[in-house]
Amino acid sequence: NVERYGPYFSLWGVEKGKAVLNPAVQLSSNTNRVVTPAASLLQGGDTVLNLTSVHDLTVHKPFEPGLDVDLNFNTRRARSNNFFANLNPSLTPTLTLQLTQHLLKDLGRVSRGRFLRIARNNYSISQEDFVARVADIVTNVLNTYWDLVYSGEDIKVKETSRKLAALVLEQNRIQAEVGTMSSLDVVQAEAEVAARDEQLVMARFNRRLVEDQLKKLISSRQDPGLVAATIEPTSKPTPPPALPTDVSQAIQRALEVRPEVKRQRLDLDNKRIQVDYAKNQLRPTLDLVAAYSQNGLGGTRVIRDYSKGFIGAPIVSIEPGGFWDSLDSLFSRKYLGYTVGFSLRVPIGNDDARANSAQAQIDYRSAQERLRALQQRIALEVRQAYESLEMNRARIETAEVTVRYQERRLQGEQDKYSLGATTTRFILEAQRDLQDAQSRLLKAKIDLIKSRIAIDRAVGDTFTAHNIEVQDALRLFQ
């Protein structure tokens, strides 16, 4: 559950990577009132009052190829006591569309698109980390489960061995009572029973430890040891089937499907994106700028009679007007403007960009070396897992031979003991040797099963081998 939050966290990083292409809206408004003394009658009066309000709305939208689109609407309302003003108040709206295309530096998706590409790679990396962690947990659960199987079977072996020692003790006591055996043989048998009781106690204790560890792995309780249920394995330590592929094919598959390799390749792609961006930043800045504007004018028109004098001419009439008149003028397409130009900026030295480019290339080469080292480690891991499997198969064969030999030896010692041709020491030693041989055979079988689990983990087939779908867990946050 803890590891599942990694992809969830990185998923929001993808949303963050889209932010560079989000549009922005800027709104500004200000009012300015200025009273100035007039130095000349041509300024429109003895004292000039100007009251100006400016409202500006700009919508900015960047695009991934390096294009910036700005749509600006500006309106200016001016009121004055200047008797030369024909429009009072006057409204001057302007609508401007400006396109700025980067032609060298920041051209293409290498600049603005890198954020989203890296974020998506990081999300995939977090998914691969989650898959690798789940594979480790599943492998740990499987190994712990088979440790529990081993503990249970080992208890059976030790219980059988203890019964055999108890049988010898009972026979020795009977013979000591009739006077055909010394009390020393009884004491020796009692000591052996006590020693096997100790082994049995330790085996049962180890089983409880392994069971608690398995409960911890499969339970989310704060104290898994408080779970009252007892885990009883139903599987027997039977040898796994033969492998369908040889070691070379397994290595090739591991290099394709292992989450660690996928993660490193995604990280290498991130480093390559940074290299491309750093190279792009070495270029000079060359921008193509094109703008189109529409202009308008409106307001209350003041008509004066200048026949009786230019200064302080009387007002003849007033034609009302306002904001909507200025919009009619704006969209009449009579007052248009165009702008086309270039902007070039060449850095001298450009030390910062050159250093960033060199560091990005070093990071990329380091990531390549890490990928090669990882591939070598995985190939060695797969090869060692195959060799361990073969070694454990050979261990089983030799352990089975040893068990058969120790069984015949114990049977012979029991026959001799019944005839009085051997001592308590030799029959107890035969029992101990048989118990050790059976424990080694059991351990070899468990180790063989664990070797197959290790091969599945090394190749990347842990989920396939146990029909586990990890995507269902990842889909929780999608």
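What you see below is based on every heavy atom in this structure, not just the backbone, and it leaves out hydrogens, waters and symmetry mates.
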Looking at side-chain heavy atoms only, is the closest gap between [X] and [Y] below 4.5 Å?
X    : Y    : value
Q98  : N72  : no
Q294 : T94  : no
E15  : K18  : yes
D147 : K450 : yes
L27  : D56  : no
V141 : I218 : yes
L268 : Q264 : no
P259 : F130 : no

Salt bridge between [X] and [Y], side-chain N to carboxylate O under 4.0 Å?
X    : Y    : answer
E260 : R457 : yes
R253 : E256 : no
E381 : R258 : yes
D447 : K443 : yes
D351 : R354 : yes

Stepwise, does the side chain to side chain contact (heavy atoms under 4.5 Å, CB included) test hold for I378 with L255?
-> CA-CA 7 Å; I378 289 176; L255 297 180; 4.2 Å; yes

Spacing of [X] atom [atom1] and [Y] atom [atom2] [to the nearest 0.5 Å]:
X    : Y    : atom1 : atom2 : result
L266 : I118 : CG    : CD1   : 12.0 Å
L389 : I455 : CG    : CD1   : 4.5 Å
L214 : N143 : CG    : CG    : 11.0 Å
I446 : L148 : CD1   : CG    : 10.0 Å
R207 : D212 : CZ    : CG    : 10.0 Å
R77  : T52  : CZ    : OG1   : 10.0 Å

Are a donor atom and an acceptor atom from the side chains of [X] and [Y] found within less than 3.5 Å of each other?
X    : Y    : answer
S439 : D154 : yes
T285 : D287 : no
N121 : N270 : yes
N50  : S80  : yes
S29  : H55  : yes
S10  : N122 : no
S451 : Y386 : no
N206 : S151 : no

For [X], look at atom [atom1] and say whether over 12 heavy atoms of other residues, nucleotides or ligands are found less than 6.0 Å away.
X    : atom1 : value
R365 : CZ    : no
F205 : CZ    : no
K16  : NZ    : no

With distance as the sole test, does [X] use its side chain to make a donor-acceptor pair with the main-chain N or O of [Y] at under 3.5 Å?
X    : Y    : answer
R283 : L104 : yes
D461 : T464 : no
N356 : D352 : yes
K215 : T230 : no
N280 : D106 : yes
E211 : I231 : yes
S329 : L297 : yes
T398 : A394 : yes
S366 : I362 : yes

Take L217 and Q213 through the side chain to side chain contact (heavy atoms under 4.5 Å, CB included) test and state the conclusion after the steps.
-> CA-CA 6 Å; L217 292 171; Q213 181 64 25; 4.2 Å; yes

Might you point out which heavy atoms bring [X] and [Y] nearest each other, and give the distance in Å?
X    : Y    : answer
S111 : Q281 : OG-NE2, 4.5 Å
L11  : Y123 : N-CD1, 3.6 Å
A135 : F463 : N-CZ, 3.6 Å
E400 : L441 : CG-CD1, 3.5 Å
V459 : V257 : O-CG2, 3.2 Å
R112 : D68  : NH2-OD1, 2.6 Å

Are R452 and D456 close enough, and set up right, to give a salt bridge (charged side-chain N to carboxylate O under 4.0 Å, His left out), and what steps lead you there?
-> CA-CA 6 Å; R452 179 56 189 270; D456 291 337; 3.5 Å; yes

Between R393 and L448, is a side chain to side chain contact (heavy atoms under 4.5 Å, CB included) present by the stated rule, with each step listed?
-> CA-CA 6 Å; R393 287 190 187 278; L448 178 63; 3.5 Å; yes

Verdict with reasoning, V289 to F342, per side chain to side chain contact (heavy atoms under 4.5 Å, CB included) | CA-CA 6 Å; V289 181; F342 291 92; over 6 Å; no

Relative to each other, are the rings of F73 and F323 parallel, tilted or perpendicular (30° and 60° limits)?
-> perpendicular

Only counting residues at least two apart or in another chain, list the ones meeting side-chain contact (heavy atoms from CB on, under 4.5 Å) with [X].
X    : answer
L67  : F63, V69, L99, Q101
R265 : V261, L371, Q375
R272 : R117, D269, D276, Y364

Please assess D267 against K271 for the test salt bridge (charged side-chain N to carboxylate O under 4.0 Å, His left out), listing each intermediate value before the final yes or no.
-> CA-CA 6 Å; D267 182 69; K271 296 296 189 292; 3.1 Å; yes

